[in-house]
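Shown next, in structure tokens, is the structure this report addresses.
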2 protein chains.
Amino acid sequence: MPASKDKQKTPGLDQSCLQHLLGYQIARADVPTRRAFAEHIGRPLELSPVEFSSLVLLAFNPATTPKQLAEALAMVAPAVTVLLDRLEKRGLIERARSDSDRRAQIVSLTDAGRELALKAHALSMDMEREVLSALSAAERAILIELLQKVARAARA
Amino acid sequence: MPASKDKQKTPGLDQSCLQHLLGYQIARADVPTRRAFAEHIGRPLELSPVEFSSLVLLAFNPATTPKQLAEALAMVAPAVTVLLDRLEKRGLIERARSDSDRRAQIVSLTDAGRELALKAHALSMDMEREVLSALSAAERAILIELLQKVARAARA
DNA sequence: TATTGTTATACTCTATAACTATA
DNA sequence: TATAGTTATAGAGTATAACAATA
């Protein structure tokens, strides 16, 4: 019997011509990963991926500036502004002028923001278990390491 | 001396709190991968990632329907319509009604489309060499395989 | 009734340019 | 003159709903 159990109306295309491309494989693996995020964190906590990442980064990095967030998240400055506007409006973060350089800002979590960040971080553990369920612990570690290697090499 | 050689104005954030997340690693690896695509294929051939993927898939899959493309590229039907509109306007593809089911279409490459698809496919080899230059051949194969495993597991 | 594909529309993301306030 | 952050705006990508033609 065929591998798929649904009505098998449309036969799938042969994608072997693209499978050697890292970008293509990343795009394909990105689909289930984003779906898992939406299910475990995005919908229940009403957080987008960058909102989640920002909160967690802020929870683990005291005295962060918008510029640092922009670099860490590969975002452009205006995008960070609207991101922080949203988080501030929800009462999750606060912005204060830096004393040493009055152009710069110090972004910090409110109590509500810290609570949400830690809750989201905890949920991310369950999410990973599901996303990586097809992989052994060793395979999981290797995958993370190889992706880091690709990202790091290109930054140099 | 510090690892980075630039003006080191903004100290980078500690991102260890996110590094265990596949989605985060995918997003980070996606940045240099997209940049390499733009440089090697996107700008010189004026193709977006999905335009490239569509052309290559069509080159290797005769008698493809828009619905099949939608599934292969994880796109929604209206997005495929505008994608094919663009490619058709550039004289790269043609659309014809299917004989067996007159609702469906058969998408096929024009001569110009086939030529561009094969040229792009060849360029993608050079691109991969650069993107994966930090990885050995064995690591490269493992990375591709593990990403496939993640994508496949979630589809089940 | 269900399916293929189209149109219209809206919503989010992302990118750029012009501005302010500080340095 | 350069930098941190903001505002305004435009462009691309993505999603939904309503529709026409066919099954």
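Only this structure's heavy atoms are used, side chains among them; waters, hydrogens and symmetry mates stay out. Within every chain, numbering begins at 1; the chains are lettered A, B, ... in the order of the sequence lines, protein sequences first and strands thereafter. Model, not experiment: these values are computed from the prediction.
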Over all strands shown, is R95(B) touching base, sugar-phosphate only, or nothing at heavy-atom distances under 4.0 angstrom? sugar-phosphate
Could you tell me how far apart D85(A) (CG) and dC13(C) (P) are, to the nearest whole angstrom? 14 Å
Would you indicate which nucleotide in dA17(D), dG5(C), dT16(C) comes nearest to any side-chain atom of K67(B)? dG5(C)
Side chain of Q105(B) only, heavy atoms from C-beta on: which candidate in dG5(D), dG5(C), dT7(C) is closest? dG5(C)
If you define the side chain from C-beta out and look only at heavy atoms, does anything of T65(A) sit under 4.5 Å from S98(A)? no
Nearest whole angstrom, please: distance from the P of dG13(D) to the CZ of R34(A). 15 Å
Quick one: are L84(A) and L69(A) in side-chain contact, heavy atoms under 4.5 Å? yes
Test for a donor-acceptor pair under 3.5 Å between the base of dT22(D) and the side chain of R102(B), counting only N and O atoms. no
Per D101(B) side chain, nearest of listed nucleotides dG5(D), dT22(D), dG5(C): dT22(D)
Would you mind reporting whether D85(B) and R95(B) have side-chain heavy atoms less than 4.5 Å apart? yes
On DNA chain D, nearest-nucleotide positions of A77(B) versus V82(A): which is more 5'? V82(A)
Of the candidate nucleotides dT6(D), dG5(C), dT7(C), which contains the atom at the shortest distance from the side chain of P78(A)? dT6(D)
Measure the spacing between CG of L143(B) and CG of L22(A) and express it to the nearest 0.5 Å. 5.5 Å
Please report, rounded to the nearest Å, how far the P atom of dG13(D) is from the CG atom of L84(B). 14 Å
Between P49(A) and S100(A), which is nearer to the 5' end of DNA chain C once each is assigned its nearest nucleotide? P49(A)
From CG of L69(B) over to C1' of dT6(C), roughly how many Å is that when rounded to an integer? 16 Å
With nearest nucleotide decided by heavy atoms, which residue, Q68(B) or R86(A), maps closer to the 5′ end of DNA chain C? Q68(B)
Nearest-Å distance, CG (L47(A)) to C1' (dT12(C))? 16 Å
Measure the distance from CG on L83(B) to C1' on dT6(C) and round it to the nearest whole Å. 14 Å
Remember a base hit wins even if backbone is also touched, and classify A79(B) as base, sugar-phosphate or nothing at under 4.0 Å, heavy atoms. nothing
Against the side chain of R103(B), the closest entry in dT16(C), dT22(C), dA21(D) is dA21(D)
Do Q19(A) and I144(B) come close enough that some side-chain heavy atom pair is under 4.5 Å? no
Can you tell me the distance, in whole Å, between the CZ atom of R35(A) and the P atom of dT14(D)? 16 Å
To the nearest angstrom, how far is R97(B) atom CZ from dT3(C) atom C1'? 12 Å
